[in-house]
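These notes are about the structure you will find just below.
Computed from heavy atoms alone, side chains included, the values below leave out hydrogens, waters and symmetry copies.
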Amino acid sequence: MMDSVQKKDKKNLIINYLVAVYILFFIIGYISKDLPLIFSSTFLLWLSMLIHFILKSKVMIVAFLITFFTFLMGELFFDFFEATNLHYESLDSLLHGYLCLFISLCSLYIGSFIFIKKKDKGNSSLMYNNDSILKFRKAAIVGYVICAFCFCLCTIEKIRLAQSIGGYTATFVNFKSTLPIVVTKLANISDIVFYMFLSTLPDPKKNKLVFGIKLFNSFLMVIYGTRTDFILSILIFIVYFLFFERYIGKKHYLIKKRYYFLILILLPVVLVFLDYIMAVRDGKTYTFGGLFESVKHIINSLGGSFNVITVGYEYDSVLPNKIYSCGNIIDFFTNNIIAKKIFGTVTYGSNTIEKALYGNSFSNTLTYFYKREMYLKGYGMGSSYIAECYHDFGYWGVAVINLLYGCILSNVGRFSRKHFLRNTILFLSCQSILIAPRSYTDGFISCFLNFSFLIAILFVLSIYLLIGGKIRLHQGWNLKTHCYSNNETLKQ
């Protein structure tokens, strides 16, 4: 017992020592403006954190570090060896970008040690599986199949429009669905309903159809022109599989050792395919220039969110003085039906001048000031939680939000065995944090602070009641459950 504690303390001491060394080298590089030293310090910090959290089985932080590298550091990684098209006009903006990345990683690491509670004994071997949960799971499956079908119809409609007008970016301006509003609303809540299904902790082996439908819809989005949904779905699947294995106490129950080798082999093939899709999306003729070139090109394109940080720094003085890091939350309270009738608030259309100047979307505003003509045609730079927080609160904002993310991600895994609503919010929030490097800061709150979330809950609960389920309101929407150890039969 003492030996294991000493080994754990020794590992923590080593990583802390390495972090201190990287901070020292980064400061030296930043003062001397030595870009290779700055990048090396940042990359080694990221790599050390990745290895450290893999060894500690912090699955969600590992997943976040992967998306962090993919969306923010990928282009820099290749730029370290050869020049790429980084969009910065001055050395100061590039140094600013590096500083933001380094502060983010350091704060994320510190945040992972905040508010870590002692694990409940035996939690990892307990699952809920009584009749109420099974009925709710069945209701969520029925609901998701319906929503996924509607999502499929809407995506096919978008694909056809994108092909007819010569590109998916134009659909941001010209798209208006001709499908019934019920179909579009159900399509909009498909992801939420899927996470409601996951909130019951189903066995993926016995629910292959549901996971397959989710993967198929993500693939449809690739054909439409967006790759992020597909990449995120794969990552969420792997994270959930690892969580599920931990909960039933069976290592390699879903992901066998040989699967890791298979993933490494297939990963370059998937990246080449995504590179091909990107060329078709942009109306270009695809030419295969080798595996390395294809992988480099797709990583460079996905890693373009670093440009949002540098361009945001360059245009910071001309951007409207708004709190963009809470933009979605502000929109929820100001653009809902009640607020519109009482206060007369206005909802601006996508990629319009009004939304860029008066809206709360950092992506719209920055793209408008940076590439106005392209913005009006449907083009968008995307956003990044780092760029938004820096604009709103400076470097302190960047540090605080990463402390918060680190704290949340390090405590993920404590799913309630009784409360499906809490689990759903947890899944949605984690998904939003994973995509935050190229998306909004407040996504982990706005993902459930919206009317779509309420509609999804009512929709699934309605199906649940129709199949004979019961809800005890005095339990706060808890579904009455009993715990079973993993030695008993799990009726998944």
Gap between atom [atom2] of [Y] and atom [atom1] of [X] - 0.5 Å precision:
| X | Y | atom1 | atom2 | answer |
| --- | --- | --- | --- | --- |
| Phe306 | Thr310 | CZ | OG1 | 6.0 Å |
| Tyr368 | Lys355 | OH | NZ | 15.0 Å |
| Ile323 | Phe362 | CD1 | CZ | 12.0 Å |
| Asp34 | Leu95 | CG | CG | 10.5 Å |
| Leu44 | Phe25 | CG | CZ | 10.0 Å |
| Ile23 | Ile28 | CD1 | CD1 | 12.5 Å |

Indicate whether the side chain of [X] and that of [Y] have a donor and an acceptor atom separated by less than 3.5 Å.
| X | Y | value |
| --- | --- | --- |
| Ser90 | Glu314 | no |
| Tyr324 | Asn360 | no |
| Ser452 | Asn188 | no |
| Ser233 | Ser218 | yes |

Set of side-chain contact (heavy atoms from CB on, under 4.5 Å) partners for Ile223, sequence neighbours left out: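 Partners of Ile223 by the side-chain contact (heavy atoms from CB on, under 4.5 Å) criterion, ordered by chain and then number, come out as Ile159, Phe219, Leu220.
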message: Once side-chain contact (heavy atoms from CB on, under 4.5 Å) is applied, do any residues pair with Ser384, and if so which ones, sequence neighbours excluded?
response: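 Per chain and number, Ser384 pairs via side-chain contact (heavy atoms from CB on, under 4.5 Å) with Leu72, Val308, Ile309, Ile386, Ala387.
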Polar side-chain atom of [X] near backbone of [Y] as donor-acceptor pair, under 3.5 Å:
| X | Y | answer |
| --- | --- | --- |
| Thr67 | Ile435 | no |
| Trp46 | Leu65 | yes |
| Ser432 | Gly443 | yes |
| Thr200 | Phe197 | yes |
| Asn450 | Phe453 | yes |
| Asn402 | Leu108 | no |
| Ser439 | Ala436 | no |
| Asp442 | Asn328 | yes |
| Ser48 | Leu45 | no |

[X]: which residues meet the side-chain hydrogen bond (donor to acceptor under 3.5 Å, both in side chains) condition with it, sequence neighbours left out?
| X | value |
| --- | --- |
| Tyr30 | none |
| Ser190 | none |
| Tyr195 | Gln431 |

What's the shortest heavy-atom distance between [X] and [Y], and which atoms?
| X | Y | answer |
| --- | --- | --- |
| Asp203 | Phe244 | CA-CZ, 3.5 Å |
| Val193 | Ala456 | CG2-CB, 4.1 Å |
| Gly359 | Lys322 | O-CD, 3.2 Å |

Under 6.0 Å between the ring centres of [X] and [Y]?
| X | Y | result |
| --- | --- | --- |
| Tyr405 | Tyr385 | yes |
| Tyr375 | Phe369 | no |
| His96 | Tyr390 | yes |

task: Go through Tyr109 and Phe113 one step at a time and tell me if the ring pair (Phe, Tyr, Trp, His ring centres under 6.0 Å) criterion holds.
output: CA-CA 7 Å; Tyr109 176 71; Phe113 294 98; 5.1 Å; yes
- request: Name all pairs fulfilling the salt bridge (charged side-chain N to carboxylate O under 4.0 Å, His left out) condition that reach into residues 188-201, sequence neighbours left out, sorted by first residue then second.
  value: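 Non-adjacent pairs meeting salt bridge (charged side-chain N to carboxylate O under 4.0 Å, His left out): Asp191-Lys214.
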Lys33 atom NZ, neighbour heavy-atom count above 12 within 6.0 Å: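 Check fails, neighbour count at 12 or below.
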query: Yes or no on ring pair (Phe, Tyr, Trp, His ring centres under 6.0 Å) for Phe393 and Trp396, after CA distance, side-chain angles and deciding distance?
result: CA-CA 6 Å; Phe393 308 108; Trp396 283 109; over 10 Å; no
